[in-house]
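For the single chain, residues carry numbers from 1 onward in sequence order. The figures that follow rest on heavy atoms only: side chains count, while hydrogens, waters and symmetry mates do not. Every number for a ligand or one of its atoms is a count from 1 in the order of the listing.
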Amino acid sequence: MRRGPIRRVGVIGMGYVGIPAAVLFAHSPRLEHVYGFQRASASSGYKVGMLNRGESPLKGEEPDLEPLLASAVRSGHFEATSDFSKIALCDAVTLAIQTPFSDPKDLLPDFGPLFEGLSQVGRHLVPGMLVVLESTVTPGTTVGPARELLESESGLSAGVDFGLAHAPERVMVGRLVRNIREHDRVVGGIDAASTARAVELYQHVLTSGQVIPMTATAAEATKTAENTFRDLQIAAINQLALYCEAMGINVYDVRAGIDSLKGEGVTRAVLWPGAGVGGHCLTKDTYHLERGVRELGAGRLDFPPDLMSLYVSARRINDFMPRHMVHLLSDALAQVGTPLAGARIALLGWAFLGNSDDARNPPSEPFRDEVLAAGATVRVHDPFVRQYPGVPIEHDLDAVLGGADAIAVFAAHNAYRGLDPARVKALSGRDHPVIVDGRNVIDPDAFIGAGFAYRGIGRGDRNRHLLR
Ligand code: SAJ
C-alpha cells in the first residue's frame, strides 16, 4: 500500500453525514483537496450545484456548517462533483450513504445505494487508497460483501493493494459539525494497516474527540449495539409504564424514585416512556445486530434456546406503544359513550421527535392506520412537518381540534404543552372530549377538571378517573 500521507480525500454521499464530514476534511491544514461525490440523480443531483455555490442543501439549523462550506469552496479546498472518475485522484474515500428500510414491514435495509457507491469506488480504485464505510451496516458487511465487491470491481486485493475500514457516523441532526469534531470516533480496519491508515484519516477532523481503534466487525457491532442499547433502555421504561398503569400508580413518580439512586458506580439509565420509538436509527439498528450474529455467529451462539432475543423483545415493546395508545383511546371513548368507529380524532404531532420536522418511521403512523381501519376519521397536525406521502399534514391547530371527539398527542412539540383545557373543549364542541397524552405534555388534573376523559402513558394514578 502507498505509504505517503493522505492528502486528497473523497466523500461519497452528500447527505447529512457526508456534507459535514467533507467540509471538515476540507478545513484540515494537512489535506490538499476534498471531493464531495453525489450521483446526478433526479432527487439529489441538484445538491452538486448548491454545494459548489457554498449553499447547504440540508434542512434545519446546522451551526457552523454553511460558513465552513462557503470558505472551503472559496479556498478551492472542496468541490462537489458527479464525476466519479475523480475517485482515482484520492488517497482516501469515505462512503456516507444511507441504508434505510426498503420496506419497514420486512425490516430489511436497502443496501442498493451503498453498494452502487462501492461499485463506483471499485471501478476507480488505485493501489494505496484507503476506503472507509461510514454508513451503518450489518456486522460483517465490511470484511464480507463490501470487500468482495471492491476486489471484484478493481481486481485489487484488500489489505494488500488498498486499505478498508469502517468508521460509523454518530452525528445527530442539529449538531452535525460539533458531533464529528467532539464525539470519540470508533475506527475499525480489516487488518492492522487499514486501521492505522483510518486512524490517520480521522485525526484530521477530530478536535476533542479521540479515535478508538478496533476491528471492522467490532466497529460495526459497536454502532449497531449503541443504538440497540438505547432502544432497550426505552423499552425498559415503556414496560414499567405499562406495569404502573395496571397497578394504578404514576410511572413518573417511580421514575423519579429510581433516578434518585446516585453515587459512586451506581448507574440507572432511566429514560422516558412514550407513544413509541421512531426515526432511522433505533428502529433498524437492532435488526442489523441480530442479522450480524445470525450470519457471522451461525452455529456458534450460545443463548437460551426457547427465548427470543432481549433486543428484539425491546423492539416489540416499543412498537407496541402506538397500539397501546389505541387501547387507551378506545377505553376513554367507551367511558364517554362514543364508539371508535366514526369517532373524529385529532392526532397532534406526526414527527418522530419533539420539536423536529423529522418524520422517518413515526410511531404516529401505525396508530393512524389502526384507528382508520377501525372506522374513525383522523386529522393530523404538526407545526414542523411540511408533508408526508399519503397523509395530509395540517398546520392550523384550532382547525384540527375543531369538532374532535378525541385528541391523541404523539410528539412533545412545545405547541402542545400550552393547550388550554377550556379552549380545547370549546373547539371540540363536546361535553366530554377525550385526550390521550403519549408524551406527558399536559397536566391531567387540568383536563379532567374541565370534563375531559383523560388517559396518559404510565398514568395509572389518573387513567381510571371519574368524569367531571
Ligand atoms: N424516545 C423515547 N424515550 C426516550 C428517548 C427517545 O420514547 O427516553 C423516542 C423518541 O420519541 C423517538 C425515538 O425514541 O421517537 C428515537 O429518539 P432518539 O432521541 O434516540 O433520536 P434518534 O433516533 O435521532 O437517535 C439518535 C442516535 N444517534 C446516532 O445514531 C448518532 C442515538 O444513538 C442517540 O442516542 C440519539 O440520537 C440522541 O441521544 O439524541
(request) Quick one, list the residues around ligand 1 where some non-hydrogen atom comes in under 4.0 Å, by chain and residue number. (result)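 Ligand 1 is contacted, at a heavy-atom distance under 4.0 Å, by Arg170, Val171, Met172, Arg175, Lys223, Asn227, Arg230, Ile234, Leu271, Trp272, Gly276, Val277, Gly278, Cys281, Leu282, Phe352, Leu353, Arg439.
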Before accepting this row, confirm whether a basic side-chain N of the pair [X]/[Y] lies closer than 4.0 Å to the acidic partner's carboxylate O.
X: Asp398; Y: Arg423; value: yes
X: Glu365; Y: Arg368; value: no
X: Asp437; Y: Arg459; value: no
X: Arg175; Y: Glu62; value: no
X: Glu290; Y: Arg315; value: no

(message) Tell me if the OH atom of Tyr46 is crowded by more than 12 foreign heavy atoms within 6.0 Å.
(response)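 Buried by this count: over 12 neighbours within 6.0 Å.
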